[in-house]
Protein chains: 2
Amino acid sequence: MKSKYLAIYNEISKQIKSGELLPDSLLPSENELTDIYDTSRETIRKALNLLSQDGYIQKIRGKGSVVLNVNKFDFPVSGLVSFKEISQKLDNQVRTIVNELSLEKPSQSMKKQMQLSSTDLVWKVVRTREFDGQKVILDKDILVQNLIPDLTKEICADSLYEYIENKLNLTIGFSKKEIVVTEPTEEDRELLDLEGFSNVVVIKSYAFLDDATLFQFTESRHRPDKFRFVDFARRNH
Amino acid sequence: MKSKYLAIYNEISKQIKSGELLPDSLLPSENELTDIYDTSRETIRKALNLLSQDGYIQKIRGKGSVVLNVNKFDFPVSGLVSFKEISQKLDNQVRTIVNELSLEKPSQSMKKQMQLSSTDLVWKVVRTREFDGQKVILDKDILVQNLIPDLTKEICADSLYEYIENKLNLTIGFSKKEIVVTEPTEEDRELLDLEGFSNVVVIKSYAFLDDATLFQFTESRHRPDKFRFVDFARRNH
DNA sequence: TAGTGGTCTAGACCACAAT
DNA sequence: TTGTGGTCTAGACCACTAC
């Protein structure tokens, strides 16, 4: 957050989110912003391109940068957002139950995918998420012990991401995820309040650090009525 | 596609997709690429940043740009991809049935969201998608007639996107979409081969042109066993 | 014609990784 | 210390929009 262009990005995005800058209005031109922020045009353009990527503005050649209607986006699970961040936004009655926390030998496929040696171990974490007294999400995590030496139930009950990023100072770089709908397993029926629902939404995701090492595999299983995914996408180049 | 940085992006991404550049290997450094492509470093960096955004490479400070394992990404519905593009990739036995094509007065909420005047009309298109003889997707589209004056069943049976982009020369800029799971409606049961499935996956999406005008609303209803969504995401700034 | 965003350049300094 | 990517600059020319 030290760089100029990120500071400009943050300031303008805040103004858009707060309503200070109204949808359909135009931002000052790039030349004007150059004066306002006392910087070069390329630096302004870096900030504006970020805003465009994230759906805050649309740049139109010859006209300017239009502010987009951002409030419809509420609850973006797109991008990488942890459960704790989501629940804070929702301001809901939310609770996490740690069902299991253990050190195990990785399965053959895990060992291969995570490029582990024969002696490496992995953490297995199983957690249930409760909204308004109902168990609606089952999270199963596999983490490499190399990178995360110690793990306690307390950490898991709070936020794994927060611990990894703030305490261990590891930076999460990118993730791949896949969403499918399947029949519930015995484990799902046991640990979730399925209430007769005959399907669960499964989000499998691989999380990588900044240096491209895989460090976490997550399977997040949702009761279908409590699942929602919102996405903003720009057309391919 | 005239710009240097896009040409460089295309060349390198092609090399990665073809396997000419192997996963976990390093790209030439930015300075070397500057010589190879006879351009400035900022132009190289624009190309590399695109590759990074799209999940082809990971840039690591002090080391270089690592090629990522891209073949696991198969079938990215993320980003904006049309049904025709997907089916070509899948190389499947695929058929589109046009159930309905009509010009209608927009509903009140549509009129508001699309900023239409009282006399404007919208196209309503209902299509069923058949994979291997089974009707598994129901697509319901609303398009503003202002922008798309003529529409025929033939066009709808082929590809709306192709017609819009190639024939009408409109550029699709970005989209917002939402994914939820619900119970099937009467229409779903009628037009799809649900085979006892008690849920459908609903993808609602708004498509906007390059100048930020909303021109299409789509509701795509999938049989759950045939639904799959793959996403690549970078951590928020 | 004037103003907008899109591309490109040649140089500079910095933070970080490998040695 | 050398080489890497990350940021920033001041200037240039272009394509498009509005007038």
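Just so it is clear, the values below take in all heavy atoms, side chains as well, and ignore hydrogens, waters and symmetry mates. Per chain, numbering begins at 1; letters A, B, ... match sequence-line order. Since we're looking at a predicted model, the values are computed, not measured.
Of the two residues contacting DNA chain D, namely A:Arg41 and B:Ile60, the nearest-nucleotide position lying further toward the 5' end is that of B:Ile60. Place A:Lys63 and A:Glu42 on DNA chain C by their nearest nucleotides, and A:Lys63 ends up nearer the 5' end.
With B:Leu170 as reference, B:Leu168 is the one residue of B:Asn166, B:Leu168, B:Ile172 to meet the side chain to side chain contact (heavy atoms under 4.5 Å, CB included) rule.
Every residue two or more places apart in sequence or in another chain was checked for a salt bridge (Lys or Arg N to Asp or Glu O under 4.0 Å) with A:Arg61, and none qualifies.
Residues B:Tyr5 and B:Asn49 have side chains that never bring a donor and an acceptor to within less than 3.5 angstrom of each other. A:Ser102 and A:Glu104 form a side-chain donor-acceptor contact under 3.5 Å, judged by distance and modelled atom types alone. Side-chain N/O atoms of B:Asp141 and B:Gln216 include a donor and acceptor closer than 3.5 Å. Using a 3.5 Å distance cut-off with no hydrogens or angles, the side chains of A:Asp211 and A:Thr213 do pair a donor with an acceptor.
Proximity of residues 28-37 of chain A to DNA chain C (heavy atom under 4.0 angstrom from any strand atom) is restricted to A:Ser29, A:Glu30.
Going from atom CG of A:Leu26 over to atom P of D:dA18 covers 10 Å, rounded to whole Å. Look at CG on B:Asp211: it is 21 Å from P on D:dA15, rounded to the nearest Å. At whole-Å resolution of the value, CG in B:Asp210 and P in D:dA15 are 18 Å apart.
Looking at heavy atoms from C-beta onward, A:Ile12 lies in side-chain contact with A:Leu21 at the 4.5 angstrom threshold.
The outermost nucleotides of DNA chain C lying under 4.0 Å from heavy atoms of chain B, listed 5' to 3', are C:dT7 to C:dA18.
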Next item on the list: Walk me through it: do B:Phe174 and A:Phe232 pass the test ring-ring contact (aromatic ring centres under 6.0 Å, His included)?
Entry: CA-CA 7 Å; B:Phe174 60 95; A:Phe232 175 87; 5.4 Å; yes
